[in-house]
Protein chains: 2
Amino acid sequence: MGVKERKERQKTEMREAILSAALKLFSDEGYDNVTMRKIADKIEYSVGTIYLYFKDKGEIFYELHNRGFAEFYKRQLSVQRIKDPIERLKAHGEAYIQFAMEYPEYYDVMFISRTPAKEIKKSEHWEEGERTYEILKLNIKQAMEAGYFKNVDLDVAAFSLWSFVHGISALFVRERLSMMPTEFLKPLISGALQFLGRAY
Amino acid sequence: MGVKERKERQKTEMREAILSAALKLFSDEGYDNVTMRKIADKIEYSVGTIYLYFKDKGEIFYELHNRGFAEFYKRQLSVQRIKDPIERLKAHGEAYIQFAMEYPEYYDVMFISRTPAKEIKKSEHWEEGERTYEILKLNIKQAMEAGYFKNVDLDVAAFSLWSFVHGISALFVRERLSMMPTEFLKPLISGALQFLGRAY
DNA sequence: TTAGTAAATAAACATCGTTCAGTTAATTAC
DNA sequence: GTAATTAACTGAACGATGTTTATTTACTAA
């Protein structure tokens with residue numbers, strides 16, 4: 001009966017196991033320090049098996065890249081229900097940084113890592129990145145209509161806000177904030193977001 | 001006579017040739033895609049020769065890392081002669097981003113790349129990074145005394161400004177701004193710096 | 001039970017960073 | 001000027017990497 005269905009299920013389960021192991025390893029040791037054999041060890045299969053589910057190491061990266069963007073986009077959308085445009089913008093920034101801190105491995109893959117091969121560069125899934133940028137611009141525009149961002153170009157404002165939250169996220173993800181005591185980091189970040197708000 | 005001197009000279013010349021070839025390759029293809037054999041080919045020596053001048057691949061990286069910070073620090077210092085604290089801060093930010101755009105390979109190695117081995121983490125030469133951070137804080141403090149940054153914590157302000165310029169630099173260096181037409185990038189960046197100035 | 005198919009393996013390949021025994025060139029000692 | 005010593009360099013070799021493959025194992029269907 002459901003033989004085909006079970007096989008299908010097992011196939012996706014195996015893919016999930018590989019992706020999950022790879023994501024954890026990528027996060028702990030970095031893309032280049034993760035070997036296919038390490039992933040194989042972690043899922044307790046031989047190396048060759050992975051190649052039955054993924055073309056190569058880059059495809060594993062690519063899939064994680066896509067999932068990162070999907071989750072990212074979902075979170076960005078979730079703040080859109082906030083009415084006040086300024087509050088919404090703040091929540092937008094917080095959601096951005098929170099995503100980076102919660103899933104540093106995804107954030108890395110999405111916005112920092114050098115893309116292995118050219119496949120990602122102009123890929124379909126960067127569109128999800130552009131879409132979130134459009135949301136940001138929309139939110140800024142509405143803030144403008146509410147009287148904020150006077151005498152500021154929309155593109156400049158969007159670029160500035162993005163750079164700001166990316167800067168924080170990138171420093172955190174690539175561990176350039178080790179001189180900051182962990183307990184001060186959170187207030188520092190929320191302080192920074194508040195500081196940026198003065199420019200609105 | 002000057003045999004020792006000549007040998008000394010030749011030794012440093014060889015080191016320079018290796019470093020120069022490595023920097024160009026790192027910049028073009030990324031640290032992990034550069035092989036010792038590629039570097040050897042470029043300087044027209046055998047692989048083994050490189051190991052007479054550098055302990056390993058990481059040491060080449062490390063040396064470039066140090067040089068990046070040295071040049072970086074020099075540039076940061078050079079804006080200190082500007083009297084007006086706000087003008088100085090702006091120049092500071094501009095110098096920061098200009099360094100990143102002029103030497104993306106150095107900036108990468110200094111603030112973005114995952115550090116190979118632990119040697120860099122708490123190394124002596126990160127001090128140069130901390131020193132530039134101290135300069136930034138000093139400049140902000142003087143701007144505060146001149147009446148700016150009212151009701152803002154010094155650490156928050158420093159962190160914010162750094163995150164901001166790093167965000168721009170990192171997006172540029174890791175090519176996440178490819179959707180922005182090149183001719184718009186410069187005005188976008190100077191616009192962003194001006195925008196941030198509204199928060200001072 | 002058996003033939004056929006899918007899944008998994010282990011061995012092999014080319015290439016990587018690194019090492020080292022051996023070769024060549026330059027310098028010093030006599 | 002020749003031999004001995006030192007320095008510079010080479011290229012083959014090692015273990016580990018990503019990937020491919022022939023082969024074995026496990027499951028399915030007749």
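On a predicted model such as this, the values are computed, not experimentally measured, just so you know. For the numbers below, each heavy atom of this structure counts, side chains included, while hydrogens, waters and symmetry mates do not. So that the names make sense, note that chain A is the first sequence line, chain B the second, and so on, each numbered from 1.
Taking the centre and axis of the six-membered ring of A:Y106, the NZ or CZ atom of A:R67 falls outside the cone set by 45° and 6.0 Å. Relative to the ring axis of B:Y31, B:K57 places its NZ or CZ within 45° and under 6.0 Å from the centre. The cationic atom of A:R174 (NZ for Lys, CZ for Arg) does not lie both less than 6.0 Å from the six-membered ring centre of B:F111 and within 45° of the ring axis.
Remark: A:I97 CD1 to A:H92 NE2 distance equals 11.0 Å, nearest 0.5 Å.
Ring-centre distance between B:Y200 and B:F149: below the 6.0 Å cut-off.
The separation between B:M36 atom CE and D:dA16 atom P is 19 Å, rounded to whole Å. Rounded to whole Å, atom P of D:dT17 lies 12 Å from atom OH of A:Y51. Atom CG of A:D56 and atom P of D:dT17 are 17 Å apart (whole Å). Nucleotide D:dA13 holds its P atom 13 Å from the CZ atom of B:R37, rounded to whole Å. Rounded to an integer number of Å, the gap from A:D32 CG to D:dT17 P is 13 Å.
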Legend entry - Secondary-structure notation, DNA chain C, from Watson-Crick and G-U pairs under 3.5 angstrom (| other strand): ||||||||||||||||||||||||||||||
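No option in B:I50, B:T49, B:L52, B:L19 other than B:T49 meets the side chain to side chain contact (heavy atoms under 4.5 Å, CB included) test with B:M14. B:E29 pairs in a salt bridge (Lys or Arg N to Asp or Glu O under 4.0 Å) with only one of the listed residues (B:K38, B:K24, B:K42), which is B:K38.
In terms of modelled atom types and a separation under 3.5 Å, the side chain of A:S20 and the main chain of A:E16 share no donor-acceptor contact.
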Inset, instruction - Please report the C-alpha distance between B:Y103 and B:F99 in whole Å, then the side-chain angles of each, then the deciding distance to 0.1 Å, and finally whether the ring pair (Phe, Tyr, Trp, His ring centres under 6.0 Å) criterion is met. - result: CA-CA 6 Å; B:Y103 302 105; B:F99 175 85; 5.5 Å; yes
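Side-chain contact check for A:T132 versus A:Y96: every heavy-atom pair is 4.5 Å or farther apart.
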What are the atom names and distances for every N/O pair under 3.5 Å that joins the protein to nucleotides 6-10 of chain D?
residue, atom, partner, partner atom, Å
D:dC9, OP2, B:Y53, OH, 2.6
D:dT10, OP2, B:S46, N, 2.8
D:dT10, OP2, B:S46, OG, 3.1
D:dT10, OP2, B:T49, OG1, 2.6
D:dT10, O5', B:S46, OG, 3.4

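You can see that DNA chain C meets the heavy atoms of chain B within a 4.0 Å-exclusive cut from C:dC16 to C:dT27, reading 5' to 3'.
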